[in-house]
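Notes follow the structure.
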Amino acid sequence: MIAALALGMGWILATCYKYQPFNSVGALLTFRSGLLHVSYKEDAVQQGEALYKPEIHVDGSGVPHIYGKTDKDVSFGLGYMHARDRYFQMEMMTRTVQGTLSEFCGARTFSLDSFWRPYEFEKESKILLDEYKSAAPEFYSYLLAYSEGVNAFLNSNISFDPLYTIFGETPQPWKPEYSLMVTWYMSWSLSYFDHHIAQNELLTKLPADVFNYFYPLQPGGLIPILPSGKKTEVRLSKDLTGIPGVKKSSDNERISPFEFSEGIGSNNWALNPAKTKSGISILANDPHLYLTFPEAFYEAHMVSPGLNIYGFSIPGLPVIVSGHNDLAAWGITNGEWDLVDRYQLKVRNDSLYLYHNNWVPIEHKNYSIKVKGGSERLIRAENSIQGKVIREQDGLYYAQHWYAADKSYSAKAIYDLMQCRNWEEFKTALKGYGYPPQNFIYSDVEGNIGMVCAGNLPDRIAGYKGQLLDGTLEYKPVSTVDSQWYNYNPAKGYLFSANQQPIQNGFYFGAYQGEDDYRVRRINTLLQGKSDWNLQDIEKMQSDNVDLSYFMFEELITKFQVPANHKELVGKLADWAGDMQATSNQALLYEAFHWSAGMEAEKFANKYLKVERPPSLLNFLNYLNDDSYIVPDSPPKQELFLDILNKADSAIQRVIGPKWKTATYSDLSAISIENISFIPGFGEKVQDVGGNSNTINMNTHFFHPVFRAVYEMKKGNIKGYSIIAGGQSGKINSSHYTDQLSLWKNGKYKETQFSATPSGLRNITNLIIFR
Amino acid sequence: MKKIINYWPYGLALLPQFIFADYSWVIISVVAIGMISTRFIGARNVFWKMFIIELILFSLFFFIVRDRLFYVKGVLKYFEMPEFLLLLVPPVFNALNTAVLFCVGRELVGITLGGKKGYFRKTRNEI
């Protein structure tokens with residue numbers, strides 16, 4: 001009897017045990033507390049009761065068309081739909097910025113919370129919301145209505161995301177200030193780059209001519225976003241060169257489990273009527289981000305007497321960041337501006353730093369972080385006058401100032417932008433835009449096109465090149481530049497951006513020299529070379545897989561002697577056009593050369609330039625092809641070229657093996673898209689994807705186009721086509737979880753519906769009304 | 001009719017998981033039902049009777065709502081496990097779990113009042 005009871009108790013313990021951060025097996029497999037209770041079916045018509053009365057028509061792709069009598073009605077409706085389809089994602093985002101993710105996810109997100117908590121963004125967001133209450137009451141009430149909508153869904157008892165059941169949690173209520181946290185979250189994703197230690201090494205170790213050759217800040221031949229006047233070469237101030245180059249430690253870049261180490265690859269462009277077949281301007285946008293299910297954006301259509309907008313919102317924030325109203329369209333790419341300064345500190349006894357000839361105590365504050373399934377942990381955040389104190393593994397101390405941690409009015413700026421009727425209103429709205437800096441493309445029904453590179457650029461000292469700053473000198477807070485960079489109706493008839501340097505002038509925007517600009521050149525070449533673009537051509541262009549770096553490589557093949565043992569391999573690339581299609585054998589082989597050239601550039605930097613950061617592939621291939629210059633004590637270029645061939649050959653043999661003559665790029669280019677919870681099995685492996693890190697349709701390990709959209713801006717009849725990577729819903733049990741994935745993979749689109757009245761809509765599968 | 005009455009605790013033990021959203025209450029309820037059942041049903045083959053009854057009932061129920069777990073197929077595929085586990089595991093687990101909890105209740109009563117002869121009721125058809 002006792003043995004039976006002991007067995008039974010053992011069973012209870014095993015089934016009740018929580019394998020953190022997940023719920024217990026017993027809870028998950030039992031009906032009411034478990035996954036079987038979470039229904040995925042929704043009634044065709046749903047009714048609710050609320051203060052606001054939007055009418056929401058959800059189409060066959062899961063896109064809500066929200067109609068209301070006031071702006072607040074539609075804001076409420078968008079909140080309701082965001083919560084219905086993406087609340088888990090919204091809560092993850094909010095908890096990230098609050099620094100409370102470990103309460104939900106357990107110890108695996110502790111380092112992320114340790115990064116975020118000391119910024120105290122929850123408190124800051126409340127202050128910002130209060131500011132809006134008096135300074136922008138209309139926007140304030142718009143945010144409040146959105147929050148009501150989110151909570152209306154959460155309180156509706158309609159089945160929610162099974163991920164909550166899996167984690168054994170319930171959704172936390174939404175607060176209006178949470179919407180303002182999106183700005184910081186996106187700024188972190190898009191602007192928290194700190195390459196200053198590596199940059200400082202380049203600046204201090206390399207002679208000026210070598211630096212300018214391999215790492216030029218203002219390179220000739222660059223195609224910036226905006227036309228530049230006379231090229232101004234910035235010079236490094238003498239008093240800032242005294243800090244020696246230091247070796248970068250491994251964890252100083254980003255304290256995060258979601259490494260963005262591969263660069264980003266968003267594109268947008270606009271063509272004026274002279275460049276299109278129909279004589280109507282066209283705008284295209286395809287942001288590339290770290291892709292998960294669900295992806296970062298949510299498609300929606302909002303109609304009220306004051307608004308008629310279609311496009312892509314970020315769940316948590318009731319604005320359309322890329323889309324169009326009935327007069328103008330806009331799209332975004334990341335500005336890639338350098339918003340981080342790093343100061344080298346002199347520290348004594350781990351507690352005092354030398355500042356202005358005095359030893360000043362390092363300020364510190366303790367934070368308590370709750371960890372699910374564990375005890376509370378204390379962290380100690382240290383600050384100097386310049387910013388957050390970081391101690392690297394090599395024992396050196398730095399202070400880091402992240403400008404985007406400051407208050408920003410970006411949400412309000414995009415709210416104003418959504419309502420713009422013309423270029424002037426568009427430009428004016430973006431004057432209030434702060435972080436993260438974005439390149440906003442513009443097009444309207446009158447045939448005008450424009451580009452605004454918007455954001456707060458730190459007004460740093462003259463001659464700044466991204467080097468380390470001296471923390472012992474007097475700190476002068478850096479304000480932001482009070483000017484706006486834009487271009488409007490250029491004679492060439494088109495404008496585009498692809499994360500490149502916005503403009504060549506005296507300002508330091510960032511250290512762009514490490515990035516290849518093949519994508520920039522490809523877009524420019526294509527847009528320049530044709531004057532009868534139509535929507536289908538633009539759609540094809542967004543899926544363009546041509547890697548221009550191949551043509552530089554091809555020159556090297558002609559220039560140098562290819563040894564007999566590599567001739568067959570190299571010969572396979574003859575007559576190839578650089579198209580990185582999934583079905584191509586040459587694409588597979590070239591990717592091996594591309595990879596090995598990158599490795600060789602890194603080796604060259606480490607061994608012969610004696611620096612850690614490699615030159616860009618473009619600059620390295622240019623060097624190999626240049627007969628006029630050789631780095632002293634470096635091997636002949638033929639030898640470097642042979643190394644590339646050898647490495648590529650052995651990589652092909654190792655990875656592909658004897659099938660290399662028939663294998664295709666799809667063997668290498670398949671991508672795995674994870675669910676946002678990173679629980680194995682809820683993602684998808686996508687085969688037959690083309691492109692690489694140099695193509696318009698960028699394909700890297702993590703970065704992919706999260707949506708593609710094109711709009712033809714005909715007055716009174718705007719045509720739009722769009723596709724998102726995955727689906728509208730973040731719920732793993734929804735039919736809209738990955739329903740657009742196949743179209744996305746194949747470069748296909750769905751036609752958008754931009755009807756001012758519900759009667760003009762087609763294929764509506766779900767109607768939600770409020771009494 | 002009397003036979004049916006003798007089986008009511010088996011049916012009752014199935015209900016808590018349809019009533020309580022908190023798993024702790026499911027455990028407490030089924031254990032309590034098991035304890036109470038000692039007054040009404042005998043000790044013989046209770047575990048297996050319970051397991052088989054629950055397996056039949058829950059399999060029928062699961063068959064109706066099985067679509068709700070379609071997405072779990074991805075997890076099974078990821079771990080290279082056969083898909084039929086999706087049909088097998090929930091009913092078997094629930095039957096086993098209910099039977100164990102039910103019997104734990106009965107054993108608890110048996111231990112605390114174990115010395116008292118005749119505590120477990122003998123059913124009419126029991127020898």
Side-chain angles (χ1 to χ4, degrees), chain A residues 1-18 22-41 157 159 161-166 168 170 293 672-675 677-685 729 731-735 737-738, chain B residues 14-31 34 43 46-47 58 61-62 64-81 86 89-112 114 120:
Chain A
M1 192 177 271
I2 289 178
L5 187 62
L7 269 176
M9 296 309 268
W11 168 268
I12 292 174
L13 280 177
T15 54
C16 286
Y17 182 76
K18 291 190 176 177
F22 306 117
N23 210 347
S24 67
V25 173
L28 286 173
L29 288 175
T30 303
F31 180 71
R32 234 351 248 292
S33 63
L35 293 169
L36 277 171
H37 188 58
V38 186
S39 172
Y40 66 98
K41 283 182 180 155
N157 291 323
S159 65
D161 200 320
L163 286 173
Y164 279 102
T165 307
I166 292 170
T170 49
F293 293 141
S672 290
I673 307 172
E674 302 260 24
N675 177 268
S677 66
F678 291 92
I679 296 174
F682 293 150
E684 289 262 353
K685 189 161 187 182
S729 179
K731 291 179 180 172
I732 49 181
N733 61 346
S734 166
S735 57
Y737 182 54
T738 56
Chain B
L14 185 71
L15 295 182
Q17 68 169 302
F18 293 95
I19 297 167
F20 299 112
D22 186 335
Y23 182 58
S24 305
W25 283 109
V26 176
I27 297 173
I28 293 165
S29 308
V30 179
V31 169
V46 171
F47 179 85
F58 204 82
F61 174 73
F62 181 73
I64 297 165
V65 294
R66 68 191 186 285
D67 286 352
R68 293 186 177 189
L69 289 185
F70 72 92
Y71 54 86
V72 181
K73 284 178 188 168
V75 179
L76 294 173
K77 198 175 162 191
Y78 182 87
F79 289 109
E80 297 180 350
M81 292 158 93
L86 183 60
V89 171
V92 171
F93 175 85
N94 272 285
L96 191 59
N97 194 36
T98 312
V100 169
L101 295 176
F102 189 77
C103 289
V104 163
R106 292 174 63 83
E107 295 298 325
L108 278 173
V109 171
I111 283 173
T112 51
F120 288 99

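Keep in mind the model is a prediction, meaning the values are calculated, not measured. In what follows, chains are A, B, ... by sequence order, proteins preceding strands, each numbered from 1.
Atoms CG and CZ, from L36(A) and F58(B) in turn, are 5.5 Å apart once rounded to the nearest 0.5 Å. Going from atom CZ of F62(B) over to atom CG of L29(A) covers 9.0 Å, rounded to the nearest 0.5 Å.
The two residues T30(A) and Q17(B) have their closest heavy-atom pair at CG2-CB, 3.1 Å. Across all non-hydrogen atoms, the minimal contact from V104(B) to G8(A) is CG2-CA, 3.5 Å. For the pair H37(A) and R68(B), the tightest heavy-atom approach, listed with the atom from each and the gap, is O-NH1, 3.4 Å. The two residues A21(B) and S33(A) come nearest to each other via the heavy atoms O-CB, 3.0 Å.
Not counting sequence neighbours, the partners of Y164(A) by the side chain to side chain donor-acceptor pair (under 3.5 Å) test are E91(A). For F70(B), the side chain to side chain contact (heavy atoms under 4.5 Å, CB included) partners two or more places apart in sequence, or in a different chain, are Y40(A), N733(A). With sequence neighbours left out, N23(A) forms a side chain to side chain donor-acceptor pair (under 3.5 Å) with no residue at all.
The interface of residues 23-31 of chain B with chain A, defined by heavy-atom distances below 4.5 Å, comprises Y23(B), V26(B), I27(B).
With hydrogens and angles disregarded, no donor-acceptor distance shorter than 3.5 Å links the side chain of R32(A) to the backbone of F20(B).
You'll find the ring centres of F102(B) and W11(A) outside the 6.0 Å limit.
Using a 4.5 Å cut-off between heavy atoms, F47(B) does not touch chain A at all. Contacts of L35(A) with chain B are made by both backbone and side-chain atoms, with heavy-atom separations under 4.5 Å. Contact of N97(B) with chain A is made through backbone and side chain together, with heavy-atom distances under 4.5 Å. In this structure, chain A has a heavy atom under 4.5 Å from the side chain of L101(B), while its backbone stays farther away.
Taking the six-membered ring where tryptophan is involved, the planes of F18(B) and F31(A) are tilted, since the angle between them lies from 30° to 60°.
For the set V65(B), L108(B), L76(B), D67(B), the entry with the most heavy-atom pairs within less than 4.5 Å of chain A is D67(B).
For I2(A), the CD1 atom sits in a loose shell: 12 or fewer heavy atoms of surrounding residues, nucleotides or ligands are nearer than 6.0 Å.
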